[in-house]
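Written below as structure tokens is the structure these notes are about.
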Amino acid sequence: MKPLSMSMLLLLAVPLPAPAQNVGGARAGNPFARFFGEWTLKGDRFQQVWDGKTVETLSIPGHHTRCAAVNTDRSVLCVVNTPDLKGHILWTYDDARKQVHHLSHFGQARTGSGTGQLNDRSDLHLTLHFQDEPEGSYRIYDYQWVSNDEYAMMSRQFDRHGKPTGNWYGGSFVRTSTVP
């Protein structure tokens, strides 16, 4: 494979033109429009269980997620920045199958992929596999809307036999602004 030329690198660095928008900065017809905007953890509070029993409540000030349309009508890219962990999530929607496709990467080795569904309220239910978790295990993610500017996210882990491990994490997210 040939290395990229300087002109190709510059082309890759140039931002794409902004997509057409409607009221509230959301692209017309995008099934993820409700997620568009900038988000932070409600009260900087996040909870997790990694040993199957001990609930840890973390304070994560400075959490920032920006979700915006990419350059298609059926996708969203969310870029996540926290003081300790950075990453991104790409969701695309398959109209023919009524299915959401998920691809994410956080930190050095937390790559996730899977599929799910959106309901008529834009609540999202996903089944995901992560490279840094036990072979055959998976997580069920639920994003449920509390209001127009708040959603709760919960991730529960299951072993290769579909049995809950007791490990989970989640929090509530509030919109800080819409994406222009």
Side-chain angles (χ1 to χ4, degrees), residues 1 4 8-9 11-19 21 25-41 46 48 50 60 63-145 151-160 162 165 167-173 175 178-179:
M1 188 171 166
L4 294 176
M8 290 175 79
L9 289 172
L11 179 62
L12 292 172
V14 174
L16 295 169
Q21 298 174 344
R27 255 185 113 158
N30 191 312
F32 304 107
R34 196 164 183 190
F35 287 97
F36 292 178
E38 300 199 28
W39 302 87
T40 192
L41 273 169
F46 194 77
Q48 63 186 23
W50 286 104
I60 306 177
H63 174 277
H64 179 259
T65 297
R66 184 178 193 275
C67 296
V70 187
N71 60 350
T72 67
D73 291 333
R74 301 280 183 237
S75 62
V76 64
L77 178 63
C78 298
V79 177
V80 181
N81 286 297
T82 71
D84 296 327
L85 188 65
K86 294 175 183 357
H88 60 271
I89 300 166
L90 174 67
W91 291 326
T92 63
Y93 189 72
D94 178 340
D95 278 336
R97 293 184 180 93
K98 305 294 185 216
Q99 189 174 58
V100 174
H101 295 270
H102 170 106
L103 182 61
S104 62
H105 186 255
F106 284 84
Q108 298 301 312
R110 190 155 177 80
T111 298
S113 63
T115 59
Q117 296 81 36
L118 276 167
N119 69 16
D120 58 350
R121 290 179 20 107
S122 297
D123 293 335
L124 181 56
H125 179 83
L126 298 161
T127 301
L128 306 178
H129 301 271
F130 289 92
Q131 80 178 64
D132 65 339
E133 293 197 354
E135 183 69 31
S137 70
Y138 62 94
R139 287 185 168 270
I140 301 292
Y141 274 73
D142 284 302
Y143 293 78
Q144 293 185 326
W145 288 95
Y151 66 85
M153 183 278 292
M154 175 61 73
S155 170
R156 291 180 176 84
Q157 186 186 50
F158 295 81
D159 68 17
R160 68 176 67 233
T165 65
N167 293 345
W168 58 268
Y169 52 79
S172 291
F173 296 82
R175 187 186 318 268
T178 58
V179 174

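- The CG atom of L103 sits 7.5 Å away from atom OG1 of T111, with the distance rounded to the nearest 0.5 Å.
- Put simply, the side chain of Y138 does not reach to within 4.5 Å of the side chain of F130, judged on heavy atoms.
- Between F35 and Y151, the distance from one ring center to the other falls under 6.0 angstrom.
- Looking only at distances, no side-chain donor or acceptor of D94 sits under 3.5 Å from a matching main-chain atom of H101.
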Step-by-step side-chain contact (heavy atoms from CB on, under 4.5 Å) determination, T115 to H102
CA-CA 6 Å; T115 59; H102 170 106; over 6 Å; no
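- Here L90 contributes atom CG and H105 contributes atom NE2; the two are 14.0 Å apart, rounded to the nearest 0.5 Å.
- Checked by atom type and distance alone, the side chain of R156 never pairs as donor or acceptor with a backbone atom of T165 at under 3.5 Å.
- With rounding to the nearest 0.5 angstrom, the CG atom of N81 is 11.0 Å from the OG1 atom of T40.
- At a threshold of 4.5 Å between non-hydrogen side-chain atoms, the residues P31 and R74 count as touching.
- Pairing each heavy atom of A109 with each of D132, the nearest pair is O-CB, 3.6 Å.
- In this structure a side-chain-to-backbone donor-acceptor pair under 3.5 Å is present from R160 to E135.
- One finds the CG atom of L128 at 12.0 Å from the CD atom of Q157 (value rounded to the nearest 0.5 Å).
- The OG1 atom of T92 lies 13.0 Å from the CG atom of D73; values are rounded to the nearest 0.5 Å.
- Looking only at atom types and distance, the side chain of Q99 has no donor-acceptor partner in the side chain of Q117 under 3.5 Å away.
- For the pair R34 and W145, the cation-pi test (distance below 6.0 Å, angle within 45°) is passed.
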side-chain contact (heavy atoms from CB on, under 4.5 Å) between M154 and W168, worked out
CA-CA 7 Å; M154 175 61 73; W168 58 268; 3.6 Å; yes
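- Here the side chains of R110 and E133 are in contact, with some heavy-atom distance below 4.5 Å.
- Under the 3.5 Å distance criterion, the side-chain polar atoms of H129 are left unmatched by any main-chain donor or acceptor of G112.
- At least one cation-pi condition fails for R139 and F158: the charged atom is not both under 6.0 angstrom from the six-membered ring centre and inside a 45 degree cone around its axis.
- Put simply, the side chain of C67 reaches to within 4.5 Å of the side chain of T65, judged on heavy atoms.
- The aromatic rings of Y93 and F32 stand perpendicular to each other, their planes meeting at an angle above 60°, with 30° marking the opposite boundary.
- N119 places a side-chain N or O within 3.5 Å of a backbone atom of D123 that can act as its donor or acceptor partner.
- How far CG of L118 is from CG of L126: 8.0 Å, rounded to the nearest 0.5 Å.
- Of all heavy-atom pairs spanning I89 and S104, the tightest one is CG1-CB, 3.9 Å.
- A distance below 6.0 Å separates the ring centres of H63 and F173.
- Within the 4.5 Å cutoff, the side chain of F36 has heavy atoms near those of the N30 side chain.
- H125 and D142 form a side-chain donor-acceptor contact under 3.5 Å, judged by distance and modelled atom types alone.
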